[in-house]
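Since the structure comes first, as C-alpha cells, the remarks are kept for the end.
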Amino acid sequence: MIFLGIETSCDETAAAVVLDGCVVLSNVIASQVDLHRQTGGVVPEVAAREHTVKILPVIEKALEDAKVSFEQIDGIAVTVRPGLIASLLTGVNTANTFARLGEKILVPVNHIEGHIYANFLDRNLDEIQFPIVGLTISGGHNELFLMRGHCDIVSLGATRDDAAGEAFDKVARLLGLPYPGGPEISRLAEQGNATRYSLPRALLKNSYDFSFSGLKSAVSRLVQIEGSALNKCDLAASFEEAVCDVLSVKLMGAAQKYGACEVHLAGGVSANLRLRARVHERLMKKLPNVTFRFPSKLIYCTDNAAMIAGAGYFRYQLEPERYGAEHPIVTSTKLDF
Ligand code: KG4
Ligand code: ZN
C-alpha cells in the first residue's frame, strides 16, 4: 500500500510517499529553521503562516520525487497531535480535503508514534523484534516507551519540565549559540572536556520520568559566575554528558525490567552521536544480546513525513474499517497514543 504522509506539527512542512510502511519513495521537508533562527526559537504564528505557503508545493514535490500520481495513493496519514495547534491545522485541513476529494483512506497519527516508526523506515520489517524499549527525545517531547507490538505502545515515563531537545536549545541560547541548539552544542562538545564542570543529574528514583530544568538552571548559574573565564566547549561537553547519562541510565533500566529484544532512540536528539555511543557502551556491558537501533538516516531523526506515513500504514493495518475518507479528522493537544 502507498501512503502519503503529511507533517506540520511544529516548524517543518513535510510530505512523503512510503510503500508498505517502510520503503521511502520520497521525503520532502521545507525547513523553517532560517526563519526561526532570527527569533532564537519557533514563533507559533510565524510557523503556521509558513505552513500554509509551503504545504501544497511540498506535497506536489513528494509525489513528483516518488514518481507516483495522486490516483496511485491508497491512503493519507497526517499528524494530528501533539504540536502547535495553528500549525497542525494546516496539515489536517489539507489531508481532510485531499482525502474527501480523492476518496482516500485517512489516518490520524500521533507525532510521537511517528517518531517511533522512524526506526522502521528503510529497514527489513522481519528483522525487528518486540518488545522494544525506546526513547523519543525531541524539542517538544521526551518519552520513555514500551512497544509490545505494532501500535501497542505505552509511555513508561516523560519529562516533568523541559524535554531533552528543549534543554539543548535553551543551554545553546545561554551560550550565545544559534537555534536549533542541539547540533551546535554537540559541535562544541567535541572539543571540550566533559569532566571540567560538575553538573547535576536528576535521576528521580523509582520513576522513569525526566527533569532537565535543574540542569539548565545550573548551566545558567555557571555562565553568570564564570563570566569571561567560561570555557564554552567544556561546558557544552559537561552538559551533553549529563543529559546522555540520565537518558541512557533510564533507558537501560527499562530495557532490563521489560526484557526488551531491542532498544531504540528516536526524535531530534537521537541524532546526537555522544548519546548513541553512551547507549551502545551500556548495552554492550549489561545487555549485549539486545539490538540497538536509531533512525537509519539523520533526516529520519528530526521531524519528517515519512515516519508519519509509516505510522499511518501500521495503524491502518490494525483496524482498516476505521479509516474512511468520509470522517474528517480533527487536531487535538492530547498526548496519548
Ligand atoms: O524531533 P524534532 O525535529 O522536533 C520536535 O518534535 O521537537 O527535534 C528537534 C530537537 C531540537 O531541540 C534540536 O536541538 C534537537 O532536536 N537536536 C539535537 C541534535 N540534533 C537535533 N539535540 C542534540 N544533539 C543533536 N545532534
Ligand atoms: Zn518531532
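Not measured: the values here are computed from a predicted model. When a ligand or atom number is given, it counts from 1 through the structure's own listing order.
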### Query
By residue and atom, what protein N/O/S atoms are less than 2.8 Å from the Zn ion (ligand 2)?
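The answer, once waters are left aside, is H111 NE2, H115 NE2, D303 OD1.
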
### Task
Check whether the ring centres of H150 and F120 lie less than 6.0 Å apart, and answer yes or no.
yes

### Message
For the aromatic rings, using the six-membered ring if either is Trp, is the centroid distance between F168 and F239 under 6.0 Å?
### Response
yes

### Summary
Sorted by chain and number, sequence neighbours left out, ring-ring contact (aromatic ring centres under 6.0 Å, His included) with F70 holds for F98

Do the side-chain N and O atoms of [X] and [Y] include a donor-acceptor pair separated by under 3.5 angstrom?
X	Y	answer
T79	E7	yes
D74	Y316	no
S213	D161	yes
Q72	S69	yes

Check ion pair [X]-[Y] (N to O, under 4.0 angstrom):
X	Y	value
D245	R282	yes
E190	R274	no
E281	K285	no
E64	K61	no
E319	R315	no

Which atoms of ligand 1 have any heavy atom of [X] under 4.0 Å away?
X	answer
G181	14 (O)
S186	24 (N), 26 (N)
G165	12 (O)
H115	1 (O), 6 (O)
D169	11 (C), 12 (O), 13 (C), 14 (O)

### Task
Classify the contact between T302 and ligand 1 as side chain, backbone, both or neither, using a heavy-atom distance cut-off of under 4.0 Å.
both

Considering only non-hydrogen protein atoms, determine which one is nearest to [atom] and report residue, atom name and distance to 0.1 Å.
atom	answer
atom 9 (C) of ligand 1	G139 N, 3.8 Å
atom 3 (O) of ligand 1	D303 N, 2.9 Å
atom 1 (O) of ligand 1	S138 OG, 2.7 Å
atom 24 (N) of ligand 1	N272 ND2, 3.1 Å

Taking a cutoff of less than 4.0 Å between a non-hydrogen atom of the residue and any ligand atom, is [X] in contact with ligand 1?
X	result
H141	yes
R274	no
P183	yes
H111	yes

### Query
Given G182, G268, A164, which one has a non-hydrogen atom that is nearest to atom 21 (C) of ligand 1?
G268

#### Entry: Where P200 and G214 come nearest, the two heavy atoms and their spacing
CG-O, 4.2 Å

